[in-house]
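Read the structure below first, then the notes.
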Number of protein chains: 2
Amino acid sequence: MAAERRRATIYDVAQAAGVSKSLVSLVLRDSPSVSAPRREAVLAAIKELNYRPSQAATALAGGTSQTVGVVIDDYTNTWFVELLRGLQEGLASAGLRIAVSDRSLNAHIESDPLDGFLSTRVEALVLATEPTPAMRFPSQIPVIIAGNRATQIPGADITCSDDRLGARRAIEHLISLGHQHIGHIAGGGGASRLRLNGYRDALTAAGLKEHIVSVSELTTEDTGYQCTRRLLKDAGEITAILAGNDSMAMGAMAAAQEAGLSVPEDLSIIGYDNSPLSDTHLLHLTTVDSRNHELGLHVATQVLSRLADPEREAQRVQLEPLLIERGTCAAARNA
Amino acid sequence: MAAERRRATIYDVAQAAGVSKSLVSLVLRDSPSVSAPRREAVLAAIKELNYRPSQAATALAGGTSQTVGVVIDDYTNTWFVELLRGLQEGLASAGLRIAVSDRSLNAHIESDPLDGFLSTRVEALVLATEPTPAMRFPSQIPVIIAGNRATQIPGADITCSDDRLGARRAIEHLISLGHQHIGHIAGGGGASRLRLNGYRDALTAAGLKEHIVSVSELTTEDTGYQCTRRLLKDAGEITAILAGNDSMAMGAMAAAQEAGLSVPEDLSIIGYDNSPLSDTHLLHLTTVDSRNHELGLHVATQVLSRLADPEREAQRVQLEPLLIERGTCAAARNA
DNA sequence: CTGAAAGCGCTTACAG
DNA sequence: CTGAAAGCGCTTACAG
C-alpha cells in the first residue's frame, strides 16, 4: 500500500496474473486469441495494480501514436466545439484519440504551431483554422482541412460546408421577408470570402444594391460592432444585416441597440455558424448552421480512409448548410 | 526529395553533422558543454533533415513526459482561457507543456477522465473543474486544484480566488448604489456555494432580506434565464441581481428584457468571472474578476515547487477578486 | 498460449 | 567532445 512505489509495468501485471508478458500485451490490444479465464486474470491484475500502459512505450514500440492532431484558432470562439465532438466520435471506433492545439495560445512559444504534433508523430493533422505561413506541412502525414480556408494545402483533403450557398440562402430569406436594403459585415479568411460572394449572388439575382463593410481581418464581436456602426452611418436605409459569423452578429446587435434600433422590428440580423452563442435566450439569433457535428464526422472518415490508402487522390466533401430561424428576423417595415 | 522516405532520427542528424549521437542529444537539451561550431553544425543538420525528436522516445528514455495535464469542464464556457494562458506562461520556462482535456467531450469514451493523462505519465494534474466520483487520483503525482471546488482532494494544492469576498464586494457595490432588494441566482459547485455565502454575508451585514433562486446544478445561460424568470415572479420588488457567473448573467439579461425591464435602469445585474463574454459591447457586463491569468501563473508555481519537493505540505493560495465596473449597474430607482 | 529476442528512438552515465 | 553500452516499457514476429 506504499504510495510511492514504482509504477507497475507489463512485467508486474504478467507476474501478478501468472502469465507471460506477451499475453498481457495481447490482452491490452484486445486480441481474440486469448482465453476468457486468462483474460480475466490479466484484467484483474491490471485493476489490482492500477496499471496504465505507458503511452510513450506503446507509441515507440508500436510505431504509431494513435492520435490525430487538431489545430483550432482560438478557444474563445466556440464554433469548433461540435466539430471536435463529431471528429472524436468518428475516430473513437478506430481507436484514435485527438489532441487539440490552440493557435493563439501557442503563438508565443513556438514558431511552428505544428511542431508539437510532429514530435508526437500524429497519424494525421486536422486544420480547423486558416493555415499560416509559419506552418510547414509534412508531406508524410495526411492533412485534412475542416472548413473553407483562403490558403490551399497541396494534397490535403477538405471537408467543408457550402458557405456561399449558406449566405445566399440567408439573403434570400431576408428578401422573402421584403427587405430591399440588406447590409453585410465581413471579416477575413476563406469562409468569410465565400459568404460575401453568396451575399452578392443573391443580391445580384434580385437586382438589389450591395452594402458591404469590412474593417478588419478579425471576426470578433468588436469587429461586428465596429462594422455595423459604420454601416448604419453610411447606409441608413438598410433594414437587415447578414453578419460574417455569430460573434460579429452579436456585435451588430449591440450597435443596433446603441443606435436605438430594435431587433428585429427595425433591423433584422442573421448570423453564421449556429454556435452555442446563437442559441441563447439573449441573442436567439437566426443563423446559418454549417452542421459542424456532421462535418466532424466526415473529417473523421477522411482521416481513416486516407490512413487506409495514403495514395488515394485528395478529395473534397461539401455539406449543405441549413438556415436556422430564430428570433432576429422580421418582415421589412415598409414591405 | 522523395516524400515518402523514412523519418529522420538522431542517427541521421549525427551523420549529417559529422558528430556523435551523444552530441546531438546534448544539443537537443541545450547543454552548455557544446562548442558553438558543432552546435551550429547540428542545428543545420536538424533543419536540413527536418528533424523533430520523437516525443515518445524522449519521454521513455528520459523517464519524463514534460507535460502537465489540465482538466476543464467544457469548452463552451470560456472562463478557463486566461487560466490556461497563465498556466502555460508559467510552465514554459521550465520546459513543461500542457495538455488539456475537456470533461464533457470525453464523458462518453472513457470512464475515468484522467486515464489518458496517466498513460501519458503527466508530471502533474491541474483540475479546473469539479472532481467527479469517476476520477481516481493517483497518489504518485502532484494534483493542483484551480478554483474553489466542492470536493476536497487529499494532498492536493489549491490556487483559488476568494469567491466569497468577490460576491460580498459585488453586493456591497449594489448596496452603495441604493439597492435594498437584491436577488441572487446560483448554480452548483464549490465556487457557487462560496459566492452564495458572500451574498449572504453582505446582506446580513446590511440587514437586508435574501432573495435566492437556484434551479439546477448547471451554471449555463439557460439556467440564468430560468432562475431570473422565477426570481422576478416571486420577488417583484428586486432591483438588482448577482448572477453566479457571466453565462448566467447573460440569461438574466434575457429574462429582464423579456419582462420589459431595462438594464440597468430598472434592474442592475452583476456577473462573475470577467469572461470574454462579459467584455462584449452587447453585454458590457459589470462583473467580478477572479484574475484567472494570475491564477494560472500561481498554479504553475505550485506545480513547479511541488515537483521540486514532493514532500512539502499541501498549500493553498488565494487571490483577491476585483470588481470590474461596466455598464449593467445603476443607482436604485427610489434610492 | 509461452519464452526468448530484437527493436522502436531516444537518454544517461562512463571510460577514454 | 566521442563511442560503446545499457535501458526506458512496450510490440512484434517466431519457434515451440
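Residue numbering restarts at 1 for every chain, and letters A, B, ... go by the order of the sequence lines. Computed over heavy atoms, backbone and side chain alike; hydrogens, waters and symmetry mates excluded.
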> Can V68(B) and V122(B) be said to form a side-chain contact (heavy atoms from CB on, under 4.5 Å), step by step?
Replying inline: CA-CA 5 Å; V68(B) 171; V122(B) 292; 5.9 Å; no
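Put simply, CD on Q15(B) is 12 Å from P on dG3(D), counting in whole angstrom units. Put simply, CZ on R52(A) is 17 Å from C1' on dC10(D), counting in whole angstrom units. One interatomic measurement links the two molecules: CG of L23(A) to C1' of dC10(D), which rounds to 15 Å at whole-angstrom precision. In this structure, OH of Y51(A) is placed 7 Å from C1' of dG9(D), rounded to the nearest angstrom. Per the geometry, CZ belonging to R121(B) stands 20 Å off P belonging to dC10(C), to the nearest Å. Note: CD (Q55(B)) to C1' (dT11(C)) measures 15 Å, nearest angstrom.
Judged by closest nucleotide on DNA chain D, L26(B) is the one of L28(A) and L26(B) placed further toward the 5' end. DNA chain D is contacted by both K21(B) and R38(B); R38(B) maps to the nucleotide lying nearer its 5′ end (nearest heavy atom per residue).
Contact annotation: R29(A) side-chain N/O to dT12(D) OP1/OP2 distance is under 4.0 Å. Side-chain nitrogen and oxygen atoms of S20(A) include at least one within less than 4.0 Å of the OP1 or OP2 phosphate oxygen of dT2(C). Close to dG7(C), at under 4.0 Å from its OP1 or OP2, lies no side-chain N or O of Y11(B). When the side-chain nitrogen and oxygen atoms of S25(A) are compared with OP1 and OP2 of dT11(D), one or more of them lie within a distance under 4.0 Å.
Here dA4(C) sits opposite no nucleotide as a Watson-Crick or G-U wobble pair (both hydrogen-bonding atom distances under 3.5 Å). The partner of dA13(D) cannot be assigned: no Watson-Crick or G-U wobble pair with both contacts below 3.5 Å exists in any strand.
Salt-bridge formation is not detected for the pair D102(B)/R85(A): no Lys NZ or Arg NE/NH1/NH2 atom is positioned less than 4.0 Å from an Asp or Glu carboxylate oxygen.
Between dT11(C), dG9(D), dC10(D), one nucleotide has an atom nearer to the side chain of P53(A) than all others, and that is dC10(D). Comparing dT2(C), dG9(C), dC10(D) against the side chain of L60(B) picks out dG9(C) as the nearest.
Base contact: S22(B) has a heavy atom under 4.0 Å from a base atom. In this structure, G63(B) reaches neither bases nor backbone, as no heavy-atom distance under 4.0 Å exists between it and the strands shown.
Relative orientation of the F80(A) and Y75(B) rings is perpendicular, given thresholds of 30° and 60° on the angle between their planes.
With T78(A) contributing its side chain and V81(A) its backbone, the two residues share no donor-acceptor pair below 3.5 Å.
A side chain to side chain contact (heavy atoms under 4.5 Å, CB included) with I144(A) is found for one member of I153(A), L125(A), D157(A) and no other, namely D157(A).
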